[in-house]
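We're numbering straight along the sequence, starting at 1. First listed ligand is number 1; within each ligand, the first listed atom is number 1. This structure is a prediction, so every number in the text was calculated from the model and none was measured.
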Amino acid sequence: MTIRSVIKGSGSALPKRAVANAEMAQMVDTTDEWIVERTGIRNRHIAGEGETTATLAIEASRKALEAAGIDGADVGLIVLATATPDQTFPATATQVQHALGCNGGIAFDVAAVCSGFLYALSVADSMLKTGMAKTALVIGAETFSRILDWEDRTTCVLFGDGAGAVVLQAQDVDESDPNAPGIIATRLHADGKHNELLYVDGGPSTTGTVGKLRMRGKEVFRHAVTNLSDVLREVLADTGIQAADIDWVVPHQANARILDATARKLGLPEEKVIVTVDRHANTSAASVPLAYDTAVRDGRIKPGDLVMFEAMGGGFTWGASLARV
Ligand code: UT7
């Protein structure tokens, strides 16, 4: 027997206001056709007054706990991935902890931008395996609308706000059983030399301001396809599992063309790739758990399925994780 972190439930949350491409075209020089053709995005949700990274994270977490049938008081660890915390400090995770009544355990934020959920999942998985906690909430939550340059058409049309969460629980499983649930393997990477391709031009220690997102999209695109294909292959090699055995890929939702290209490189049929970028745009660290929860709730992902999570983002950071859910 060995300890694995098992996904017990998921939840997600979106701001009330949905903004379609036609509305974006009233703000900047763009068109619905350009956005759909280049990205697959048709809609995004934008946080309004009173909606923040913490409020979205709390809503997503409550739904995840409800789906898992677990009480907030039983959560001993909260790892929240975000690049848009409510405050520079304290960690947004502590606000979630307080709201859910799970005080006294461990709570902190992780910053790995769009790969944040993969990093958070891996950190929580490691901590559960070493006995630091029994039950964890892993959250990806963002309000990127607050760091967008709303006059820059090359970036502002691409992002949206939202949150997703999963409840992880340490469980004894028989690893020799191919159907044993839990996270099977994870690989994470970072390469700081590409900082200037995707970054925010401010921060507490430099300008003292929050700053705005800047991206050289074409170059990020090229790196994303290569890095994601490589890391997916690494996880498959680590586990001895074939790409054909994967039931679902839940990728970071940056661009439909990146999803297509990555799936093609691995020989995965597009029907196995969960796509929500059309509805939610790129929600950074929230995008993977938001897409996962969407597919669980619409009945595509079922208990027992083999699911590959993957993401790539600013830093660059990237990673993939394989789990039987
Ligand atoms: O989440 C982190 C990871 N991020 C990503 O993975 C994003 C990766 N990159 C991308 O998704 C794509 O590169 C973009 C969607 C950002 C851009 O698509 P592209 O096919 O690489 O377009 P491009 O940047 O080469 O721009 C093509 C043209 C340019 O005009 P010229 O120079 O050819 O005249 C742009 O100025 O499209 C123009 N353009 C726009 N036109 C209408 C750029 N943005 C817009 C826009 N509306 N919103």
Side-chain angles (χ1 to χ4, degrees), residues 19-44 81-84 111-119 140-145 147-162 164 188-192 194-200 212-232 249-263 265 273 275-278 280-291 309-320:
V19 178
N21 289 347
E23 197 176 332
M24 297 301 303
Q26 290 167 10
M27 297 182 217
V28 286
D29 181 15
T30 191
T31 59
D32 176 49
E33 293 72 31
W34 190 94
I35 302 172
V36 172
E37 189 188 314
R38 300 289 176 128
T39 71
I41 297 165
R42 294 178 186 276
N43 187 67
R44 75 280 294 138
T82 191
T84 48
V113 205
C114 299
S115 318
F117 182 75
L118 268 297
Y119 271 69
E142 302 275 20
T143 43
F144 257 47
S145 63
I147 55 162
L148 293 176
D149 176 350
W150 286 95
E151 290 177 359
D152 176 11
R153 68 173 183 172
T154 70
T155 53
C156 75
V157 303
L158 304 174
F159 295 90
D161 303 332
L188 300 175
H189 293 285
D191 188 350
H194 300 299
N195 250 283
E196 83 292 353
L197 297 182
L198 177 51
Y199 66 101
V200 168
K212 300 289 178 207
L213 181 146
R214 308 290 169 204
M215 177 165 73
R216 289 182 10 216
K218 218 178 207 27
E219 284 151 271
V220 177
F221 188 109
R222 195 166 46 79
H223 284 282
V225 176
T226 310
N227 291 345
L228 289 171
S229 314
D230 288 351
V231 76
L232 290 170
V249 180
V250 182
H252 169 50
Q253 310 284 320
N255 184 318
R257 288 187 293 141
I258 296 179
L259 307 189
D260 291 346
T262 312
K265 274 199 160 199
V273 182
V275 180
T276 54
V277 68
D278 53 330
H280 305 147
N282 181 346
T283 57
S284 182
S287 93
V288 170
L290 183 51
F309 302 98
E310 47 109 315
M312 141 98 192
F316 291 141
T317 54
W318 67 102

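The only option from Asp161, Thr283, Asn21 that meets the side chain to side chain donor-acceptor pair (under 3.5 Å) definition with Arg44 turns out to be Asn21.
Residue Glu151 qualifies as open at atom CD: its count of foreign heavy atoms under 6.0 Å is 12 or below.
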Please table the atom pairs, donor to acceptor, closer than 3.5 Å between any side-chain atom in residues 218-231 and protein atoms at least two apart or in another chain.
unit_1 : atom_1 : unit_2 : atom_2 : d
Glu219 : OE1    : Arg216 : NE     : 3.2
Glu219 : OE2    : Arg216 : NH2    : 2.9
Thr226 : OG1    : Arg222 : O      : 3.2
Asn227 : ND2    : His223 : O      : 3.4
Ser229 : OG     : Val225 : O      : 2.6

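Comment: Asp152 does not engage Lys212 in a salt bridge, judged by the lack of any side-chain N to carboxylate O separation of less than 4.0 angstrom. Of the charged side-chain nitrogens involved, at least one lies within less than 4.0 Å of a carboxylate oxygen, so that Arg153 and Asp29 count as a salt-bridged pair.
The backbone N or O of Thr82 lies less than 3.5 Å from no partner atom in the side chain of Glu142, so there is not a single donor-acceptor pair.
The protein residues lying under 4.0 angstrom from ligand 1, judged by non-hydrogen atoms, are Asp29, Thr30, Trp34, Arg38, Thr39, Cys114, Arg153, Thr154, Val157, Leu158, Leu198, Met215, Gly217, Lys218, Val220, Phe221, His252, Ala254, Asn255, Arg257, Ile258, Asn282, Met312.
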